[in-house]
Protein chains: 2
Amino acid sequence: MDHNSDTTEATWLASAGLRPTRQRLALAHLLIGDGQHRHVTAESLYEASRDSDEQVSLATVYNTLRVFSDAGLLREITVNGARSYFDTNVTNHPHFFWEDTEELMDAPDEDLKIAQLPKAPAGTEIAKVDVVIRLRRK
Amino acid sequence: MDHNSDTTEATWLASAGLRPTRQRLALAHLLIGDGQHRHVTAESLYEASRDSDEQVSLATVYNTLRVFSDAGLLREITVNGARSYFDTNVTNHPHFFWEDTEELMDAPDEDLKIAQLPKAPAGTEIAKVDVVIRLRRK
DNA sequence: TTCGTTGCAAACAATTTGCAACCCT
DNA sequence: AGGGTTGCAAATTGTTTGCAACGAA
C-alpha cells in the first residue's frame with residue numbers, strides 16, 4: 001500500500017477514534033483501499049489478508065470487524081443464521097442475497113421505494129431497517 | 001390436547017405431506033394450537049414442549065423446525081447471527097426486532113408499503129423479501 | 001510507562017449428524 | 001416388513017474469550 005492510501009485508512013480509523021495499528025490499517029486497506037463498497041465475512045477478509053503482504057490472525061479479524069462495526073465504520077448484515085456479513089456502506093440500503101452461493105451484494109438503491117414504514121412502538125426508535133431480497137436461481 | 005385440535009394439526013401436517021408422528025403433532029400443537037401466529041426459536045419451542053405433557057428431544061425440535069420450514073409450514077427469519085427464528089405466518093410481512101431483548105414480533109403489515117422493489121437479476125427469481133425493523137429502547 | 005491490541009489456544013453456543021431403536025403406513 | 005423418524009451423544013461451525021507478549025501514546 002502506498003503512502004496516499006495509507007493516509008486514507010488512517011483517517012478512516014481516526015474518524016472513529018480508533019488507534020491505527022498495523023493490523024487495523026491492513027484490514028482497512030482491504031476494506032476501503034480502492035474506494036469501492038465491499039461485503040465481507042470474517043473468513044473472506046481473513047483469506048484476503050492471508051494473500052496480502054500484511055497478515056492478520058483470524059481472531060483479530062473477528063475482533064476488528066466487531067470493533068469497526070461498533071464504531072460505525074461497518075454495518076453488520078444478518079442474512080444467514082451461520083455467518084455474519086459486514087458492509088462498508090453503512091447507510092440503509094437493500095441487499096440481494098443469493099441463496100445458492102450465499103453471496104451478498106447491494107441491490108440498486110434507487111429501485112427500492114418504501115412509501116410507508118410502520119412507526120416505532122412507544123419508547124423505541126428505529127435503529128435500522130434491513131431489507132434483504134433473497135434470490136433463487138431459476 | 002383435545003380431539004378437535006388434534007385434527008387441525010394433523011391436517012396441517014398432511015397439507016405438507018408430512019407424517020403425523022407423536023412429536024410432530026405435539027410441536028404442531030404448540031405452534032398453531034390456538035390459531036395465533038407465533039415466533040419461536042428451537043430453544044423456546046423446546047422449553048414449551050418440556051412444560052407440556054408431550055416431551056420432545058432438543059435434536060428433534062431442531063430437525064422438525066427444519067423439516068417444517070423446508071415443507072413451507074414455517075418461515076425461517078434470520079435476524080441475529082446466533083439464533084434462528086421461525087414464524088408460523090409464512091407470508092411476506094415486516095418484523096420488529098428488539099435489539100435489547102432479542103424479541104421478534106410482527107410489525108403491522110398494513111403500515112408497510114413498498115412502492116417499488118428492485119427487479120430480480122436475469123436468471124433469478126425473488127424467493128422472499130425480508131424486512132426487519134430493528135428497534136432500540138429510547 | 002501505561003493501557004489498548006494482538007494471537008494463540010481453549011471455551012462457547014447454536015445447530016447438525018451418525019446410528020441404533022422405534023413407529024407410521 | 002420397510003423406510004421414515006426419534007433421541008442420544010459426538011461432531012461441526014462460527015465466534016468469543018483468557019491471558020501473556022507486544023506496541024502505540
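Just so it is clear, the structure is predicted and the values come from calculations on it, not from any experiment. Just so we're on the same page: letters track the sequence lines, and every chain starts at 1.
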Spell out, as yes or no, whether a donor-acceptor pair under 3.5 Å connects the side chain of Q55(B) to the backbone of R50(B). yes

Residues in side chain to side chain contact (heavy atoms under 4.5 Å, CB included) with I126(A), at least two apart? L117(A), A120(A), V129(A), I133(B), L135(B)

Give me the first and last nucleotide of DNA chain D, going 5' to 3', that has any atom under 4.0 Å from a heavy atom of chain A. dG14(D) to dA25(D)

Grab the CG-P distance between N63(B) and dC22(C) for me, whole Å please. 19 Å

Which ranges of DNA chain C pair up as stems, where a stem means three or more consecutive Watson-Crick or G-U pairs with both distances under 3.5 Å? C:1-14 with D:12-25, C:16-25 with D:1-10

Rounding to a whole Å, what distance do you find between L27(A):CG and dT5(C):C1'? 13 Å

What is the distance, to the nearest angstrom, from the CG atom on N80(A) to the C1' atom on dT15(C)? 12 Å

How long is the line joining CZ of R66(B) and C1' of dA14(C), in whole Å? 11 Å

With a non-hydrogen cut-off below 4.0 angstrom, is T41(A) in contact with a base, only sugar-phosphate, or nothing? nothing

How about H93(A) and D87(A): do any of their side-chain heavy atoms sit closer than 4.5 Å? yes

Carboxylate-amine/guanidinium contact R83(B) E102(B), below 4.0 Å: yes

Can a salt bridge be assigned to the pair R75(B) and D130(B) using a cut-off of 4.0 Å between side-chain N and carboxylate O? yes

Answer yes or no: is there a donor N or O on one side and an acceptor on the other, between the side chain of T64(B) and the main chain of V61(B), under 3.5 Å? no

Measure from CG on L25(A) to C1' on dT6(C) and round the result to the nearest Å. 14 Å

Heavy atoms only, 4.0 Å cut-off, all strands: where does V56(A) land among base, sugar-phosphate and nothing? sugar-phosphate

Assert: residue with more 5' nearest nucleotide on DNA chain D, out of A82(A) and L58(B), is L58(B)

Atom CZ of F86(B) and atom C1' of dA14(C) are separated, to the nearest Å, by 11 Å

Would you mind reading off the distance between Y85(B) atom OH and dT15(C) atom C1', rounded to a whole angstrom? 15 Å

How close or far is atom C1' of dC24(C) from atom CZ of R19(B), stated in whole angstroms? 5 Å

Residues R134(A), V132(A); criterion side chain to side chain contact (heavy atoms under 4.5 Å, CB included); working and verdict: CA-CA 6 Å; R134(A) 291 174 188 263; V132(A) 178; 4.2 Å; yes

Salt bridge between D100(A) and R136(A), side-chain N to carboxylate O under 4.0 Å? no

Any salt bridge between E76(A) and R66(A), counting N to O under 4.0 Å? yes

